Amino acid sequence: LRLQQLVLYVDITQLDLNLAIRLFTQHRLWTALVHVYCALGDYTSPLELMVGECVQMAKQVVSEDESKAPALEQPLLRCLLVRKLFFFLHRCFELRCFPLDPKEVPGLAHPSASAIADLLKSIFRTERPVFPRLLRLSPLGLFGSLSALFTSPSAGH
């Protein structure tokens, strides 16, 4: 937890990015990993990585208790990574930094309109679309995040 907090305050250009990304992925330091990718202007890679990990966790939840399949969303929404995934999308669609605002952590960059377009293309692309996987993880989380495109104060941008 402390390492992830520290990474938010470090100038990303001073990191060995290959090593940092490998270590953050290996140790599942998702906040730090997403921050590094976002600082590089890449918003689709963290989406893909978190969705892949969440889908694997969802398979484990289903295999552990087949009898509760209709109520599957509740245990998944209690999972920190699933919540973090939809929080990331929501913040991006509001054109806000992840995980904090720049006044709390100087140097964070807001996602651009083109970053939002890239995220939406990734979610709705025809080859290996992310949309069905997000929908299986949490319809409520997905549509709540997408609603930020229309309801946030920065929706007109």
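Since we're looking at a predicted model, the values are computed, not measured.
When side chains are defined from C-beta on, Asp118 does not count as touching Tyr43, because their heavy atoms never get closer than 4.5 Å. Looking at heavy atoms from C-beta onward, Leu137 lies out of side-chain contact with Leu142 at the 4.5 angstrom threshold. Tyr37 places a side-chain heavy atom less than 4.5 Å from the side chain of Ile21. Looking at Leu85 and Leu47, their side chains come closer than 4.5 Å, going by heavy atoms from C-beta outward. No side-chain heavy atom of Leu33 sits under 4.5 Å from any side-chain heavy atom of Val7. Here the side chains of Pro99 and Leu8 are in contact, with some heavy-atom distance below 4.5 Å. By the 4.5 Å heavy-atom criterion applied to side chains, Val10 and Leu15 are counted as neighbours. The shortest distance between side-chain heavy atoms of Leu89 and Leu134 falls below 4.5 Å.
Note on residues 138-148: no pairs pass salt bridge (charged side-chain N to carboxylate O under 4.0 Å, His left out), not counting sequence neighbours. Identified under the salt bridge (charged side-chain N to carboxylate O under 4.0 Å, His left out) test for residues 39-58, with sequence neighbours left out: Arg28-Glu53, Glu48-Arg125, Glu48-Arg128, Glu48-Arg133. Note on residues 12-26: pairs passing side-chain hydrogen bond (donor to acceptor under 3.5 Å, both in side chains), not counting sequence neighbours, are Asp11-Thr13.
Annotation: ring pair (Phe, Tyr, Trp, His ring centres under 6.0 Å) contacts of Phe131 (sequence neighbours excluded): Phe124. Under the rule for a side-chain hydrogen bond (donor to acceptor under 3.5 Å, both in side chains), the partners of Ser112 that lie at least two apart in sequence or sit in another chain are Ser114. Residues passing the side-chain contact (heavy atoms from CB on, under 4.5 Å) test with Ala39 are Ile12, sequence neighbours excluded. With sequence neighbours excluded, the residues forming a ring pair (Phe, Tyr, Trp, His ring centres under 6.0 Å) with Phe88 are Phe98, listed by chain and number.
Side-chain atoms of Ser145 come within 3.5 Å of backbone N or O of Phe86 as a donor-acceptor pair. Arg91 places no side-chain N or O within donor-acceptor distance of the main-chain N or O of Arg96, the cut-off being under 3.5 Å.
Lys59 NZ to Cys54 SG: the interatomic distance, rounded to the nearest 0.5 Å, is 12.5 Å. The line from CG of Leu119 to OG1 of Thr44 is 7.0 Å long, rounded to the nearest 0.5 Å.
Between His110 and Leu95, the shortest heavy-atom contact is ND1-O, 3.0 Å. The shortest non-hydrogen separation linking Cys97 to Pro111 is N-CD, 4.1 Å. For the residue pair Ser122 and Val130, the shortest heavy atom distance occurs at O-CG2, 3.4 Å. Ile123 and Phe93 get closest at one heavy-atom pair: CD1-CZ, 4.0 Å. Taking both residues in full, the closest heavy atoms of Pro129 and Thr126 are given as CD-O, 3.6 Å, listed atom of the first, atom of the second, then distance. Scanning both residues, Leu135 and Pro139, for their nearest heavy atoms gives O-CD, 3.2 Å.
Grouping the Ile, Leu, Val, Met, Phe, Trp and Tyr side chains by contacts below 4.5 angstrom, directly or via other members, places Phe143 with Leu149. Trp30 and Leu19 are not part of a single hydrophobic cluster, where members link through side-chain heavy atoms under 4.5 Å apart. Taking hydrophobic clusters as Ile, Leu, Val, Met, Phe, Trp and Tyr residues chained together by side-chain heavy-atom distances below 4.5 Å, Met50 shares a cluster with Leu40. The same ILVMFWY cluster, assembled from side-chain heavy atoms under 4.5 Å apart, contains both Val55 and Leu81.
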Inset, instruction - Take Val36 and Leu17 through the side-chain contact (heavy atoms from CB on, under 4.5 Å) test and state the conclusion after the steps. - result: CA-CA 8 Å; Val36 168; Leu17 293 175; 3.9 Å; yes
